[in-house]
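Let me begin by presenting the structure, written as structure tokens, before commenting on it.
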Amino acid sequence: MLEERYDAEKIEKKWQEHWEDQKIFAVNEDAGQPKFYCLEMFPYPSGRIHMGHVRNYVIGDVITRYKKMKGFNVLHPMGWDAFGMPAENAAIKNKVHPSKWTFVNIEYMKGQLKKIGLVYDWDREVTTCKPDYYRWNQWFFIKMYERGLAYKKRSFVNWCPECETVLANEQVIDDGCWRCDTVVEQKELDQWFYRITDYAEELLKDADTLDGWPEKVVTMQRNWIGRSEGVEVDFDIEGTDKKIKIFTTRQDTLFGATFMSIAKIHPLVAELVQDQDVLKRIEALSDDPEEKEGVDTGFHAINPLTGESIPVYAANFVLMEYGTGAVMAVPAHDQRDFEFAKKYDIPIRVVVLPKDVKIVKAEDMECANEEYGILVNSGEYSGLSSNDAKEKIADYIENKNLGKRVVNYKLRDWGISRQRYWGTPIPMIYCESCGIVSVPEEQLPVELPMDAVLTGTGSSPLAGMDDFVKTKCPKCGGEAKRETDTMDTFVDSSWYFLRYCSPKSDDKPLDTAAVDHWMPVDQYIGGIEHAVLHLLYSRFFTKVIRDIGLISTDEPFKRLLTQGMVIKDGMKMSKSKGNVVDPDFLINKYGTDTVRIFCLFAAPPERDLEWSDKGVDGAYRFLKRIWAFAYNNKNLLNKEGNGDKDHSELSDHDSQLLRKTHQSIKKVTNSIERDYHFNTAIAALMELINEAYAFRQAGDLDPDVLRFCIKQAILLISPFAPHVAEELWRAIGEVGSVFNEKWPVWDEDIAKEDEIQLVVQINGKVRAKLMVPAGLDDETLKEKAFAEQKIREQINGKPPRKVIVVKGRLVNIVV
RNA sequence: GCCGAAGUGGCGGAACGGUAGACGCGCUAGGUUCAGGAUCUAGUGUCCAUUAGGGUGUGGGGGUUCGAAUCCCCCCUUCGGCACCA
């Protein structure tokens with residue numbers, strides 16, 4: 001029995017329990033249906049769900065429900081990215097253990113997710129801070145160590161003084177920490193790295209296959225990998241037997257090199273420069289990127305092509321980390337070198353003339369000319385194009401053993417050591433006699449001790465725990481020490497989507513058959529902020545795990561949807577700005593169906609969503625309107641019959657509503673299929689309900705048609721407002737869950753209008769609109785257009801030069 | 001600086017070369033209601049016009065086309081990403 005009042009709280013609780021008890025959304029790998037893996041980026045259990053989560057997860061939930069009704073076997077799991085700094089900070093502040101804090105948060109947030117009406121297969125829940133998950137982080141680490149993909153090295157790394165830990169390059173945003181914005185420092189430390197650069201080429205090449213991803217994200221990844229082809233060339237250093245190796249992509253400008261620049265921390269500086277005064281001045285070079293500065297080292301290099309002797313400068317803009325840490329400087333054709341040469345009065349020599357430029361005098365130049373062109377002043381290469389010269393000069397260099405062709409990447413190896421407690425212990429042991437030894441597989445997991453003391457005063461908390469640190473060497477049995485750093489939490493999230501496929505596997509990290517069945521993720525949904533971070537690491541991990549032989553997937557995410565931010569008063573919602581909207585409050589006030597409808601209706605998913613309290617009222621009103629329509633017609637609705645009457649037997653009034661219903665099925669379906677544009681899908685539903693009201697008011701309706709209309713409307717709204725749909729579904733006398741139903745299909749014949757509005761234009765301007773029967777041929781449409789009184793007046797006897805007819809829509813008369 | 005996206009009523013947004021502004025919010029008027037709220041109905045880009053109707057209009061300027069919010073070129077603004085990568 002349908003109640004008059006729409007009581008969201010009551011029906012939502014009822015159906016949420018029903019779906020869970022009846023396991024409506026449980027998956028069955030042998031169902032004989034096509035699979036669909038729908039996944040949203042799992043949350044960090046920070047304490048409460050925020051509107052950004054709601055938006056993200058509602059999108060995934062709608063897709064899950066829709067795809068299920070379309071006949072797919074949909075895997076839709078959820079879990080917790082549960083290791084991380086906030087747990088430690090909370091522990092220090094509130095004197096709770098990070099574990100306690102985390103699990104309390106998970107419990108609360110899980111309740112919130114359920115109240116939103118999200119349907120997950122909770123049997124597959126993954127929690128990364130549990131030993132049954134992180135042991136496999138350790139297992140992968142060891143496998144990677146064995147394959148040379150995990151290694152330790154001392155180097156300058158990004159250090160966040162606020163978080164008191166190291167950050168990978170990807171985790172530094174505008175010189176600041178990705179988490180707290182604190183300006184990062186460079187610190188020299190021994191750190192573990194994953195050799196992601198070994199996969200640079202494949203990550204770049206396979207980026208071309210990601211056609212289900214936003215182009216923007218793919219471009220960001222390509223740029224981050226930053227491949228460039230060039231040559232390494234050795235320059236002899238005059239008066240010594242040493243050489244400087246440089247990297248250039250512009251070997252066509254070799255004849256224009258008038259000096260050399262090397263990084264101030266380049267090893268040759270310390271090796272060759274004797275003068276303490278010069279060394280001091282090099283050391284004192286500023287790091288300000290705006291001002292180019294250098295110091296003449298006093299020694300000279302020999303250009304291997306010209307035999308010319310050129311001065312070598314230590315320069316502040318040369319990076320030791322990229323290429324070879326030394327560059328040949330061609331001021332005429334490189335803006336940085338140009339500025340440098342001007343400042344220190346070094347000769348500028350033009351060796352490339354771009355197209356359409358005749359002669360350039362070096363002294364007239366105001367900036368470098370970096371374009372390709374025809375070589376001049378370049379010996380036997382003069383007259384060649386830059387492209388030809390690049391090949392010929394590279395050949396010469398290789399033939400004469402002066403250097404070789406190389407490919408360089410901007411991508412750096414992924415530093416994964418973190419000097420923190422709440423993460424996966426790195427499973428390595430340091431033995432005085434055996435050196436670095438990995439923990440044997442059967443001893444995993446290396447469990448995180450629960451009794452660590454967190455003071456927040458620097459250095460790895462594990463380092464102070466003798467019980468943890470002291471161990472035996474697995475090789476020789478002697479006294480040894482454990483590694484005390486933990487792993488970057490981005491390691492945890494780099495393979496959780498694989499774990500969902502076989503979450504209970506306990507003898508190996510993944511069940512190959514299960515993973516191969518479900519992977520790749522068919523639709524992944526999350527924020528754009530992970531464009532390079534998580535999404536690049538996950539691609540890397542997938543390829544490594546494939547190479548280990550556990551899975552056969554090359555790419556983890558087939559389609560990616562990056563949803564926009566939730567904005568209020570023109571700013572991103574955040575606690576610090578005080579403009580947050582609390583999902584709990586809204587759900588209590590309106591019910592989750594209203595919140596869901598608003599989030600989906602206010603903007604297409606990829607765009608930012610401007611929050612509007614009034615807009616939420618509108619969504620609520622819409623649901624009440626559907627409810628009231630069903631209630632007001634409840635006597636008619638419970639009649640037998642499926643409403644699919646022969647079109648020709650119906651009155652005009654009835655057949656128009658039937659047509660509108662079929663048109664709505666088409667429009668809602670197409671809106672979802674076209675990049676999940678739920679906003680226009682919901683708009684189409686609102687239109688249908690508005691029309692239904694109008695038809696109902698205008699006269700009696702055939703009960704079968706009315707029932708058909710409302711039944712389709714319920715099916716169409718069910719992914720968006722599932723609780724209202726389920727309640728109304730039962731109220732109209734249907735049996736079983738609406739989510740076990742097939743998604744409706746429209747009949748093109750019924751949807752077709754039998755009368756169309758013909759627009760008549762004169763010179764492209766609308767001059768008349770007339771109703772004509774559908775399906776008329778072009779000639780008849782023309783006749784109708786010319787027969788129109790207004791058109792005759794406008795043409796005024798002038799002969800038409802041309803008449804364009806757009807089938808079934810428009811006639812444009814050109815006079 | 002380089003790369004990319006976006007710019008449409010008072011607001012959120014529709015319109016994948018063919019009637020610009022669907023749908024929603026807001027606003028106006030009316031019905032219902034003791035009143036408020038809720039709800040239903042109608043109207044709502046802008047200018048001129050009593051009406052009929054007409055002009056104009058998608059950041060600005062050009063172009064292609066019978067026809068441009070949509071395609072091309074230049075410029076402006078906003079937002080993102082990268083930024084001495086040799």
Side-chain angles (χ1 to χ4, degrees), chain A residues 173-175 214-217 219-224 226-228 230 246-250 253 261 287-292 315-319 321-330 333-337 339-340 370 408-412 528-529 531-532 564-565 567 597-598 601-604 606-619 621-622 624-625 628 667 671 674-675 677 679-690 693-694 697 757-769 790 800-815:
Chain A
I173 314 288
D174 286 338
D175 295 329
E215 191 51 43
K216 174 190 171 122
V217 176
T219 304
M220 280 165 73
Q221 292 214 352
R222 284 199 189 104
N223 291 343
W224 188 260
R227 182 184 197 272
S228 59
I246 61 106
F247 172 73
T248 181
T249 57
R250 290 299 301 274
T253 63
S261 304
D287 288 323
D288 178 8
E290 292 303 310
E291 187 60 26
K292 283 166 191 49
N316 67 341
F317 63 90
V318 180
L319 304 171
E321 315 83 73
Y322 184 79
T324 60
V327 291
M328 67 171 193
V330 185
H333 304 292
D334 182 287
Q335 185 58 27
R336 293 159 300 185
D337 298 340
E339 287 168 31
F340 196 89
E370 299 184 343
N408 259 314
Y409 300 92
K410 275 167 56 176
L411 182 69
R412 303 266 74 93
I528 186 91
E529 66 272 19
V532 265
M565 289 185 298
I567 304 282
I597 290 282
F598 174 73
F601 178 67
E606 70 279 4
R607 289 242 289 246
D608 286 349
L609 183 151
E610 175 77 39
W611 192 263
S612 154
D613 292 334
K614 288 288 186 187
V616 179
D617 283 335
R621 206 169 296 154
F622 170 55
K624 283 192 290 188
R625 230 165 114 76
K667 193 151 183 232
S671 291
R674 201 244 277 187
D675 293 331
H677 277 204
N679 56 330
T680 50
I682 291 169
L685 274 163
M686 289 173 166
E687 223 177 303
L688 176 63
I689 297 302
N690 290 346
Y693 265 88
Q697 183 160 302
Q757 189 183 198
L758 181 69
V759 174
V760 186
Q761 298 182 329
I762 295 175
N763 296 333
K765 280 189 195 282
V766 179
R767 287 296 128 127
K769 297 173 184 179
K790 260 188 264 172
R801 261 202 303 151
K802 198 172 175 185
V803 181
I804 287 110
V805 180
V806 180
K807 217 159 192 43
R809 306 190 82 154
L810 173 145
V811 174
N812 186 15
I813 301 164
V814 188
V815 294

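Here is the naming used below: chain letters follow the sequence lines, and residue numbers restart at 1 for every chain.
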Can you tell me, in whole Å, how much space there is between the [atom1] of [N] and that of [M]?
{"N": "A68(B)", "M": "G57(B)", "atom1": "P", "answer": "12 Å"}
{"N": "G53(B)", "M": "C34(B)", "atom1": "P", "answer": "42 Å"}
{"N": "C75(B)", "M": "C3(B)", "atom1": "P", "answer": "12 Å"}
{"N": "G62(B)", "M": "U70(B)", "atom1": "P", "answer": "14 Å"}
{"N": "C23(B)", "M": "U77(B)", "atom1": "P", "answer": "37 Å"}
{"N": "G59(B)", "M": "U78(B)", "atom1": "C1'", "answer": "11 Å"}
{"N": "C79(B)", "M": "U8(B)", "atom1": "P", "answer": "15 Å"}
{"N": "U65(B)", "M": "G4(B)", "atom1": "P", "answer": "27 Å"}

Self-check item: Selected nucleotide, minimal atom distance to L319(A) side chain, candidates A86(B), C16(B), C40(B)
Solution: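 Closest nucleotide among those given: A86(B).
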
Quiz item: Of all the nucleotides listed (A86(B), G26(B), C23(B)), which has the minimum atom distance to the side chain of F247(A)?
Solution: A86(B)

Quiz prompt | Sugar-phosphate, base or nothing in reach of G226(A), heavy atoms under 4.0 Å | solution = nothing

Quiz item: Hey, does N408(A) reach any base, or is it just sugar-phosphate, or nothing, if we go heavy atoms under 4.0 Å?
Solution: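 No contact.
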
Quiz prompt | Residue closer to the 5' end of RNA chain B, H677(A) versus Q761(A) (nearest nucleotide) | solution = H677(A)

Quiz item: Between Q697(A) and R621(A), who's closer to the 5' end of RNA chain B by nearest nucleotide?
Solution: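 Mapping each residue to its closest nucleotide by heavy atoms, the 5'-most match is R621(A).
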
Quiz item: Say you draw a straight line from CZ of F317(A) to CG of D337(A); how long is it, rounded to the nearest 0.5 Å?
Solution: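 Rounded to the nearest 0.5 Å, the CZ-CG separation comes to 5.0 Å.
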
May I have the distance from [X] (atom [atom1]) to [N] (atom [atom2]), rounded to whole angstrom?
{"X": "K410(A)", "N": "C85(B)", "atom1": "NZ", "atom2": "C1'", "value": "6 Å"}
{"X": "D617(A)", "N": "G26(B)", "atom1": "CG", "atom2": "P", "value": "7 Å"}
{"X": "I689(A)", "N": "G24(B)", "atom1": "CD1", "atom2": "P", "value": "11 Å"}
{"X": "M686(A)", "N": "G12(B)", "atom1": "CE", "atom2": "P", "value": "17 Å"}

Quiz item: Looking only at N and O atoms, is any donor in the side chain of K292(A) or the base of C84(B) less than 3.5 Å from an acceptor on the other one?
Solution: yes

Quiz item: What about R607(A): does its side chain form a donor-acceptor pair under 3.5 Å with the base of A6(B)?
Solution: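 Side chain to base: no pair below 3.5 Å.
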
Quiz item: So what is the 5' to 3' dot-bracket string for RNA chain B, if pairs are Watson-Crick or G-U wobble with both distances under 3.5 Å, crossing pairs use [ ] and | means the partner sits on another strand?
Solution: (((((((..(((.....[....)))((((((.......))))))((((....))))..(((((..]....))))))))))))....

Under 4.0 Å: is that the gap between some side-chain N or O of [X] and OP1 or OP2 of [N]?
{"X": "K769(A)", "N": "U19(B)", "value": "no"}
{"X": "K765(A)", "N": "U56(B)", "value": "yes"}
{"X": "R767(A)", "N": "G53(B)", "value": "no"}

Quiz item: Does atom CZ of R222(A) have more than 12 heavy-atom neighbours, drawn from other residues, nucleotides or ligands, at distances under 6.0 Å?
Solution: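 More than 12 within 6.0 Å, yes.
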
